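Following: one structure in structure tokens, then a few remarks.
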Amino acid sequence: MTGMLRVSVWRGAAEGRFQAFEVPRHPSQSVLDVVTHIQRHLDPTLSYRFACRVGMCGSCAMNVNGTPRWTCRTHVDKVAGAGTLEIAPLSNLPVVKDLVADMREFFDKWARARGRFEPTASREAAFAIVKPDSAARIEADAGIECIGCGVCYAACDVVAWNRDYLGPAALNRAWTLVNDVRDAGRRKRLEAVAGDAGCHSCHTLMSCTQLCPKALSPTRAIAGLKRATLGLAFEAKEEA
Amino acid sequence: MSRRGEVLLWVAQRLTAGVLGVCVLVHLATIVYAVRGGLGAAEILGRTRGNVAWAAFYVIFVMAVAVHGTIGLRTIAAEWLGFRGRAAEVVMVLVGVGLALLGLRAVVAVFGP
């Protein structure tokens with residue numbers, strides 16, 4: 001496919017406007033290719049973020065025609081049927097400049113969800129034996145390939161409604177650790193992800209699952225966390 | 001509200017949803033069955049007044065509505081209106097008690113002696 005694409009790109013931060021560009025259309029062209037063309041040939045002041053260009057690093061996610069996507073693996077042909085593209089920074093996050101979203105709150109919430117592995121063994125201990133076909137490992141494996149791109153976070157209405165909500169990625173990460181038999185932080189992690197800011201706020205809208213570029217299901221992880229936190233409700237005393 | 005409280009509310013929401021599912025089906029099926037060929041207010045009251053079993057059923061129905069509806073309204077108030085915190089908790093308790101009283105008043109009117 002050849003011809004020209006009409007591209008609107010967000011310029012500015014919280015306040016700003018869309019700027020129009022015309023970009024040559026090519027076969028197998030990705031949305032990231034379009035943004036890179038603008039920055040290298042039309043306006044070098046355009047700011048955006050990318051690293052690997054092959055769907056591994058999770059840094060190039062943007063809103064494309066109103067939907068959050070990883071731009072390096074999103075073909076223009078799939079999203080610009082009429083030859084028009086509107087490219088904006090990810091929703092639900094502050095904008096640093098142009099297409100660069102500030103990811104701090106996204107990753108801070110991973111920390112609040114205690115998304116860090118807490119080992120039970122020392123380096124002198126023998127390797128833990130974890131059977132790949134055990135139920136817990138299958139659950140953990142289902143969510144382990146998250147690349148932290150923030151697409152699910154930008155797609156989630158609950159994040160927009162409740163700014164404290166931890167979001168699909170942080171909860172998905174917590175669920176993988178809850179199912180890691182080597183991890184020692186289960187109890188405190190379940191307390192961290194319960195309640196109004198945690199898994200119980202999820203309305204199962206499933207935008208995260210629909211749009212996750214790695215085809216993960218944070219919705220399933222959150223449902224698992226709701227079940228796992230059930231015990232907290234019937235314990236006599238809550239741990240600080 | 002404490003995390004434990006939030007989890008308890010979630011459990012209550014789920015349990016009352018199950019109760020309401022059954023209650024609504026029984027309620028609708030009974031209406032469809034009872035009004036075949038027409039049924040007046042006096043005939044309805046003639047069948048319901050003093051019926052302890054049906055009164056108990058509707059007390060359960062009303063209490064499930066009060067609990068389930070209030071938890072749902074609490075979430076809507078928090079997410080759409082930003083109404084959270086202690087004041088919201090007090091208002092929601094009042095809403096729940098109000099819903100329960102209105103429902104129980106109807107139960108008394110229909111099933112009372």
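In what follows, chains are A, B, ... by sequence order, proteins preceding strands, each numbered from 1. Source: prediction; values computed, not measured.
Within 6.0 Å of atom CZ in R86(B), 12 or fewer heavy atoms from other residues, nucleotides or ligands are found, so the atom counts as exposed in its surroundings.
For the atom pair NE2 of H203(A) and CD of E79(B), the computed distance is 3.0 Å after rounding to the nearest 0.5 Å. D196(A) CG to R74(B) CZ: the interatomic distance, rounded to the nearest 0.5 Å, is 6.5 Å.
Between chain A and the residues R84(B), Q13(B), R14(B), the largest count of heavy-atom pairs under 4.5 Å involves R84(B).
Heavy-atom minimum distance, V11(B) versus L230(A): CG2-CD1, 3.3 Å. The shortest heavy-atom contact between R3(B) and E191(A) is CD-O, 2.5 Å.
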